[in-house]
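Okay, so here's the structure we're looking at.
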Protein chains: 2
Amino acid sequence: MPRSSEDNQRIKDERREAILAAATRVFARRGLASTKIADIAHAAGLSHGLVYHYFESKEAIYVEVIRDILHGSRSALDECVAMEASPFERLAAFVRGVIARVEESPERLLLVLQVMVQDECSKGACAFFDDHAKHLYFSVRSLIVASREQGLIDPEGDPDALATALFAMIHGIAIGMLIDVPVPRRTPSVELVLRLLGPTRSAARSLSVVGKKVGVAPPEPSDARNGRRGRTSTAPKPRRSRRESA
Amino acid sequence: MPRSSEDNQRIKDERREAILAAATRVFARRGLASTKIADIAHAAGLSHGLVYHYFESKEAIYVEVIRDILHGSRSALDECVAMEASPFERLAAFVRGVIARVEESPERLLLVLQVMVQDECSKGACAFFDDHAKHLYFSVRSLIVASREQGLIDPEGDPDALATALFAMIHGIAIGMLIDVPVPRRTPSVELVLRLLGPTRSAARSLSVVGKKVGVAPPEPSDARNGRRGRTSTAPKPRRSRRESA
DNA sequence: TCGTTGATTGACTGGCCAGTCAATCCTAGG
DNA sequence: CCTAGGATTGACTGGCCAGTCAATCAACGA
């Protein structure tokens, strides 16, 4: 066979990545329907015909993009949940991580929101979508419950209302980042977001102490107060992490 | 001329309204591009050809829908701003009103968000869009500043960060309402949303006292603590309120 | 140098959909 | 009952775009 054959593969992978990255940007802004294959091809720097050398169809790209995003965010969440720290601190780490990732590329979350809002989940995507959403929701919810049990946050708040509010806030932040209107924007800080939960003074203070970055969880496992946390869902195959998708 | 001629006009108006209402629902879910005229026609209960009897084009419907939504929300905001109450209470009234309207029809806000996210503001819509966004933003911001000056909220918070956070929260709530995933959802209460601003205990308490509904401002003017409050913005023309759009 | 084989291009096709329009259906007024 | 004129329909057209494919390019091994 011609071509160096093994870095041939590498080139092919890079092309795929480039197409997926370009597609993420374009899909997030324009949605599936009004994104033309030619737009993606142009953004990725190749001719539209070539796109079909790498992907089955426009929908296939869409699904793969979404799947990568979901996989990435699930990993990040799981990392936070497994941290050695109080539930409130773990929540904080989660929020901090999400905001960091959203700042890096708000398109990813926006794309997910778009899919969630459409009535007909784009075919295949649907299958793992609900599953992912439940995992995310219940992980956060149980951190909230645990925080409350340990007196780290306002004992009055309903966990579902708090979780809903927290996600709403995060989603809103992502949208705000992509909105282009001539008003001063300042991305809300983690502390501000966590005000929603009504943290006690000491819990709030603890934030400045614990790991500043997602994923810098202290070394050891098994945390005494680590309540219910069994992943309810099918395992995500440990696919290579597309781009910086985590 | 045949037809009773004057309720002929009424029928025509009703049809228009019906089309606009149907279009709002469909556009919000699917976006401009993947909404077919036939979808709107079907949702409004008429044939697709007839839609063109009432509107120039699909884009014309889109623009009119958006304009009505913006007009409605501006009126509602201006009502709150003009209330006789402390700035914090007026903010609360605004938030309460928005949540009420979003609960009634989340599609409206979602549609606005969609437009804001798209790079190319849909032609004509663009003209009044930025203007509206600025009006909304700066009205809320000045209520925040006034609240701070009067010691009703945390004096530390940056007004831009707080305003950004408040809008993010509201946007997120609207999205949450349209998302259909199998997790328990509880719409966050006004009090929860306002936690973001860090209200003083007394300010928070004042919420249960003042007008529960947007626009039911207490009768009389001039309130001792009613500091600076000049409306910064252009007057809203009192156009007929398309549907329940306010 | 040539042959092989995958990468790449862009003209082309088929289907879908916005928008048109001739034909038909009402309803009121005469 | 008849007529006028707007309301309504749906077959039709033109354009756009997803997806195909024959032709060309390029690089490696022999």
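All heavy atoms count here, side chains included; hydrogens, waters and symmetry mates do not. In what follows, chains are A, B, ... by sequence order, proteins preceding strands, each numbered from 1.
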Going by atom type alone, with no hydrogens or angles, which donor-acceptor pairs under 3.5 Å involve a side-chain atom of residues 44-53 of chain B and a protein atom two or more places apart or on another chain?
none

Practice problem: Select base, sugar-phosphate, or nothing to describe what B/Phe55 touches, counting heavy atoms under 4.0 Å on all strands. | Solution: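 Nothing, no heavy atom under 4.0 Å.
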Practice problem: Could you name each residue pair satisfying salt bridge (Lys or Arg N to Asp or Glu O under 4.0 Å) that touches residues 39-57 of chain A, not counting sequence neighbours? | Solution: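 Applying salt bridge (Lys or Arg N to Asp or Glu O under 4.0 Å) to every pair that reaches into residues 39-57 of chain A, excluding sequence neighbours, yields A/Arg30-A/Asp39.
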Self-check item: salt bridge (Lys or Arg N to Asp or Glu O under 4.0 Å) contacts in which one or both residues fall within residues 162-177 of chain B, not counting sequence neighbours
Solution: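 Every pair satisfying salt bridge (Lys or Arg N to Asp or Glu O under 4.0 Å) with a residue in residues 162-177 of chain B: there are none.
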Quiz item: What is the minimum heavy-atom distance between B/Arg90 and B/Met83, and which atoms define it?
Solution: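 Residues B/Arg90 and B/Met83, closest heavy atoms: CD-O, 3.3 Å.
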Practice problem: For B/Ala43 and B/Val26, work out which heavy atoms get closest and say how close. | Solution: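 Nearest pair, atom of B/Ala43 first, then B/Val26: CB-CG2, 4.3 Å.
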Quiz item: For every nucleotide of nucleotides 13-25 of chain C, 5' to 3': is a protein heavy atom under 4.0 Å from its base (B), only from its sugar-phosphate (S), or from neither (-)?
Solution: ----SSBB-----
Quiz item: Would you say A/Lys58's side chain and A/Lys36's backbone share a donor-acceptor pair under 3.5 angstrom?
Solution: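 Judged by distance alone, no pair lies under 3.5 Å.
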Self-check item: Separation of C/dC26 C1' from B/Lys12 NZ (nearest whole Å)
Solution: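 Spelled out: NZ on B/Lys12 to C1' on C/dC26 is 16 Å.
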Quiz item: Whole Å only: how far is the CD atom of A/Glu14 from the C1' atom of C/dA7?
Solution: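 Whole-Å distance recorded here is 15 Å.
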Quiz prompt | Selection from D/dA7, C/dA7, C/dT9 that lies nearest to any side-chain heavy atom of B/His53 | solution =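 The closest nucleotide is D/dA7.
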Got a list of side-chain donor-acceptor pairs under 3.5 Å for residues 162-178 of chain A, not counting sequence neighbours?
from, atom 1, to, atom 2, distance (Å)
A/Thr164, OG1, A/Asp160, O, 2.6
A/Thr164, OG1, B/Arg186, N, 3.3
A/His171, ND1, A/Phe167, O, 3.4

Quiz prompt | Enclosure of B/Asp13 CG (heavy-atom neighbours >12, cutoff 6.0 Å) | solution =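 Count over threshold, so yes.
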Exercise. State, to the nearest 10°, the angle formed by the axis through the first five base pairs of the helix from C/dT1-D/dA30 to C/dG30-D/dC1 and the axis through its last five.
Key: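 The helix from C/dT1-D/dA30 to C/dG30-D/dC1 shows an end-to-end axis angle of 10°.
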